[in-house]
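One structure below.
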Amino acid sequence: MKLPFNESWNTVLKDEFDKPYMQALSRFISEERTKYSVFPPRSKVFEAFKQTDFDDLKVVILGQDPYHQLGQAHGLAFSVTKGTPLPPSLKNIFKELEVDIPNFKTPVHGDLSHWAEQGVLLLNTTLTVRQNQAGSHQKKGWEEFTDQVIRKIAAYKQGIIFILWGRFAQQKAALIDHRKHYILTAAHPSPFSAYHGFFGSKPFSKTNELLLKQGKEPIDWRL
């Protein structure tokens, strides 16, 4: 794989692309694209790293798979392209924001690029998926790559706020030094679990309080 990041991420992650697991993953995805529609488009697979500079990183929101329906995924966890109907989990994220953040109103689009540009890494643990086949690219190597991303953020940075929604994301807490960073956990915003601990968890205001405590600019969550 050609290194797709800006220089700040290249410095941190360049060695990963020479490892056997990543080379095998590259071959797998190339073959998948000859047989199936794979999302997001090739140019958007590493979009999270393009939009959020490592040097400016403040917050990590961890997702799982990219959206697997046509036109949704564009490389940022939980985000969809403008003009795409809001998926249920994103609708619930916006519902929580309306309660948690003063003057937040659910926007007409679900493109979260504005968050990414402020230092919020919207990271899926698996960065590609077949159309209409959720989980189809899990356990092919992406998890090893994104685990390394989390480890290196935890090692090289200080005071990062990790937002982990749901059991799968919360398992990644083991990769993070709790003495150096902040971890906010809650249920996943999916309709299946949002009423079991996501709603009312106030992750967005808590994040801004922690940023202000460190003398950092809070995130403007409005889109």
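No experiment lies behind these values; they were computed from the predicted model shown.
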(request) Compute whether any side-chain donor of one residue and acceptor of the other, for S205 and D100, lie under 3.5 angstrom apart. (result) yes

(message) Please evaluate residues H181 and I161 with respect to the criterion side-chain contact (heavy atoms from CB on, under 4.5 Å), reporting the C-alpha separation (whole Å), side-chain torsions for both, the decisive distance (0.1 Å), and the verdict.
(response) CA-CA 6 Å; H181 303 286; I161 300 153; over 6 Å; no

(request) Decide, yes or no, whether a salt bridge links K58 with E217 under the criterion of side-chain N to carboxylate O below 4.0 Å. (result) no

(request) Could you identify which residues cluster with V129, counting Ile, Leu, Val, Met, Phe, Trp and Tyr as linked when any side-chain heavy atoms lie under 4.5 Å apart, either directly or through a chain of such contacts? (result) F39, L70

(request) Using atom types as modelled and distance alone, determine if a side-chain donor or acceptor of S30 lies under 3.5 Å from a backbone N or O of R27. (result) no

(request) Would you please name every residue forming a side-chain hydrogen bond (donor to acceptor under 3.5 Å, both in side chains) with N208, sequence neighbours left out? (result) none

(message) Measuring centre to centre across the rings, with the benzene-like ring taken for any Trp, is W142 within less than 6.0 Å of F46?
(response) yes

(message) Is it the case that the side chains of H137 and T128 hold a donor-acceptor pair, with the cut-off being a distance below 3.5 Å and no angle test?
(response) yes

(request) Could you check V59, T185, L184, I153 and say which one makes a side chain to side chain contact (heavy atoms under 4.5 Å, CB included) with F162? (result) I153

(message) Please check: side-chain N/O of E143 versus main-chain N/O of K139, any donor-acceptor pairing under 3.5 Å?
(response) yes

(message) Do E32 and R130 have side chains that approach each other closer than 4.5 Å (heavy atoms only, starting at C-beta)?
(response) yes

(request) Report the residue from T126, T125, L13 that forms a side chain to side chain contact (heavy atoms under 4.5 Å, CB included) with F145. (result) L13

(request) Give a yes or no on whether the backbone of F168 and the side-chain of Q64 come within a donor-acceptor separation of less than 3.5 Å. (result) no

(request) Please check if L62 and I93 belong to a single hydrophobic cluster, counting links between Ile, Leu, Val, Met, Phe, Trp and Tyr side chain heavy atoms closer than 4.5 Å. (result) no

(message) If we count only N and O atoms by modelled type, under 3.5 Å, do the side chains of Q133 and Y36 hold a donor and an acceptor together?
(response) no

(request) Indicate the atoms forming the closest heavy-atom contact of N124 with L127, along with that distance. (result) O-CD2, 3.1 Å

(message) Would the distance check show the side chain of T52 and the main-chain N or O of V120 forming a donor-acceptor pair, the cut-off being under 3.5 Å?
(response) yes

(request) For the residue pair F17 and S26, establish whether any side-chain heavy-atom pair is separated by less than 4.5 Å. (result) no

(request) Please confirm whether the backbone N or O of L121 pairs with a side-chain atom of W115, one donor and one acceptor, at under 3.5 Å? (result) no

(request) Verify, without hydrogens or angle tests, whether Q118 (side chain) and H114 (backbone) share a donor-acceptor contact under 3.5 angstrom. (result) yes

(message) Is it the case that the ring center of F198 lies less than 6.0 angstrom away from the ring center of W165?
(response) yes

(message) Using the side-chain hydrogen bond (donor to acceptor under 3.5 Å, both in side chains) criterion, which residues pair with S113? Sequence neighbours excluded.
(response) Q51, D111

(message) Checking side-chain polar atoms at under 3.5 Å, does T106 have a donor or acceptor matched by the opposite partner on E98?
(response) yes

(request) Please identify each residue that fulfils side-chain hydrogen bond (donor to acceptor under 3.5 Å, both in side chains) with D220, with sequence neighbours left out. (result) R222

(request) Report yes or no: does K140 contribute a side-chain atom to a donor-acceptor pair with the main-chain N or O of L25 at less than 3.5 Å? (result) no

(message) Does the plane of the ring in F78 sit parallel, tilted or perpendicular to the ring in H188? Use 30° and 60° as the thresholds.
(response) tilted

(message) Whether the side chain of T84 engages the backbone of T81 through a donor-acceptor N/O pair (distance < 3.5 Å, no angle test) should be reported.
(response) yes

(request) Spell out, as yes or no, whether a donor-acceptor pair under 3.5 Å connects the side chain of Q69 to the backbone of Q131. (result) no

(message) Determine whether a donor-acceptor pair (N or O, by modelled atom type, separation under 3.5 Å) exists between the side chain of K157 and the backbone of F54.
(response) yes

(request) Sequence neighbours left out, what pairs pass side chain to side chain donor-acceptor pair (under 3.5 Å) with at least one residue falling in residues 169-180? (result) D147-K172, D177-R179

(message) Minimum heavy-atom separation for E16 and K19, please, with both atom names.
(response) OE2-NZ, 2.7 Å

(request) Output all residues satisfying side-chain hydrogen bond (donor to acceptor under 3.5 Å, both in side chains) with Q72, sequence neighbours left out; order by chain, then residue number. (result) none

